[in-house]
Number of protein chains: 2
Amino acid sequence: MRDEPAGSKMELRLWLRLLSCSNLISAEIRRRLRADFDVTLPRFDVMAQLHREPNGLRLGDLSRRMMVTNGNITGLIDRLVEEGLVVREADPDDRRAITVRLTRAGATMFRMMATAHEAWIHELFGGLRPKAVERLLDDLQGLKLSAVAGLRSADAD
Amino acid sequence: MRDEPAGSKMELRLWLRLLSCSNLISAEIRRRLRADFDVTLPRFDVMAQLHREPNGLRLGDLSRRMMVTNGNITGLIDRLVEEGLVVREADPDDRRAITVRLTRAGATMFRMMATAHEAWIHELFGGLRPKAVERLLDDLQGLKLSAVAGLRSADAD
DNA sequence: TGCAGATATTTTATGCTTGAACGATAATGG
DNA sequence: CCATTATCGTTCAAGCATAAAATATCTGCA
């Protein structure tokens, strides 16, 4: 007897449910960001990272933090620069490197968006009891650990 | 004074954690689908839907089930047809409509992928105790209900 | 009948994302 | 010192995704 079959099916259901929650919510956040601020989620994410680093971030660090490829960041920053929300600055110590930073307009805009964003999340998550929020935080942490372990075991193959 | 702040911050943390779990896992699934079967996740999803409908599905039904736009489906099906995994069939009753269905090769290929997929999920989720899986299924269902309610309340605005 | 509106799909423009290839610069080791 | 190697950012081609406009067909009703 193995415990896989039944367990596997439940895990599959869990994965589908997780994905549908995540997609449902992120689609709604994207919709509202677009409707209220004419901004996309990836742009919002970039601005969120930059907002916590007043001295700016190198492009490589930004792409690592956002877990996306370098080539992706280039285009994202291009558009944010066009809109005057972000500036590129040469690094005096390393001529390969470029640092990006929010402009004053970018920082102001981000603060407005962040306030709205937090309220939206509360609208969407507010139906959960605090206990359930705690449990989910815990269990999702467990899932993350499990997944990271699963990643590594496949690496070793 | 409002009662939001504390709760809102936890909800925000939960949202970020949910998103990072979902992204982590789906990136890994994409990577493996590509490495082992040279297939993308959206293509796999289309094939999964078609596999449960031996008589095929109309494009509109397919886009509704996958919760993506019509225009998206067009290109996805184009590529699957090129690869010989799917066929388009005219509907004799309605000349606007097109039904798509897995070819025999498509069905065979999907069954192989589905087997591997289930094993991958078990690798990634297997670190969770069955109790935790149950709890997550429950709590995520609660989250979904909360989010759907939040969607509707915004509609009414 | 004939036509207004609904429905089914495709097309188009735009943006995000990836992986791979590339050019420029920096760091290292003989 | 110079050649090799590594790092930083960009470019490119391909694919996914959306919203909006276009096309074709169907349906209901006056």
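Fair warning: this is a prediction, and the values are worked out from it, not measured in the lab.
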Show me, pair by pair, the donor-acceptor contacts under 3.5 angstrom made by side chains of residues 126-136 of chain B, not counting sequence neighbours?
from   : atom 1 : to     : atom 2 : distance (Å)
B:R135 : NE     : A:D139 : OD2    : 2.9
B:R135 : NH2    : A:D139 : OD1    : 2.8

Name the atoms and distances for all side-chain donor-acceptor pairs under 3.5 Å in residues 58-66 of chain B, with sequence neighbours left out.
from  : atom 1 : to    : atom 2 : distance (Å)
B:R58 : NH1    : B:D91 : OD2    : 3.4
B:D61 : OD1    : B:R64 : NH2    : 3.1
B:S63 : OG     : B:G60 : O      : 3.0
B:S63 : OG     : B:N70 : OD1    : 2.8
B:R65 : NH1    : B:E53 : OE2    : 3.2
B:R65 : NH2    : B:E53 : OE2    : 3.2

_Upstream residue (5' side of DNA chain C) when B:R88 and A:R43 are each assigned their closest nucleotide_ =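 Comparing both residues, the 5'-ward one is B:R88.
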*Counting only non-hydrogen atoms, which of residues 90-100 of chain A are less than 4.0 Å from DNA chain D?*
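When residues 90-100 of chain A is checked for heavy atoms under 4.0 Å from DNA chain D, the hits, listed by number, are A:R96, A:A97, A:I98.
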_Please give me the minimum heavy-atom distance between B:G56 and B:R101, naming the atom from each residue._
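Heavy atoms only, the tightest pair is CA-CB, 4.0 Å.
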*Spell out, as yes or no, whether a donor-acceptor pair under 3.5 Å connects the side chain of B:T103 to the backbone of B:G84.*
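Yes; judged by distance alone, with no hydrogens or angles, the pair exists.
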*Of all residues at least two apart in sequence or in a different chain, which pass the side-chain hydrogen bond (donor to acceptor under 3.5 Å, both in side chains) check with A:T108?*
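So A:T108 forms no side-chain hydrogen bond (donor to acceptor under 3.5 Å, both in side chains) with any residue.
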Rounded interatomic separation in angstrom, taking [atom1] from [X] and [atom2] from [N]:
X: A:R30; N: D:dA19; atom1: CZ; atom2: P; result: 11 Å
X: A:E89; N: D:dG9; atom1: CD; atom2: P; result: 13 Å
X: B:E28; N: C:dT18; atom1: CD; atom2: P; result: 14 Å
X: A:N23; N: D:dT18; atom1: CG; atom2: C1'; result: 14 Å

_Show every ring-ring contact (aromatic ring centres under 6.0 Å, His included) that has at least one partner inside residues 49-88 of chain A, sequence neighbours left out._
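Of all non-adjacent pairs touching residues 49-88 of chain A, those that pass ring-ring contact (aromatic ring centres under 6.0 Å, His included) are A:H51-A:F110.
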*Those residues of residues 52-77 of chain A lying under 4.0 Å from DNA chain C by at least one heavy atom*: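 Correct list: A:M67, A:V68, A:T69, A:G71, A:N72, A:L76.
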*Please lay out, stage by stage, how B:L14 and A:L140 fare under the test side-chain contact (heavy atoms from CB on, under 4.5 Å).*
CA-CA 9 Å; B:L14 174 54; A:L140 287 175; 3.7 Å; yes
*Please step through side-chain contact (heavy atoms from CB on, under 4.5 Å) for the pair B:R43 and B:F37, ending with a clear verdict.*
CA-CA 11 Å; B:R43 262 122 120 157; B:F37 298 104; over 6 Å; no
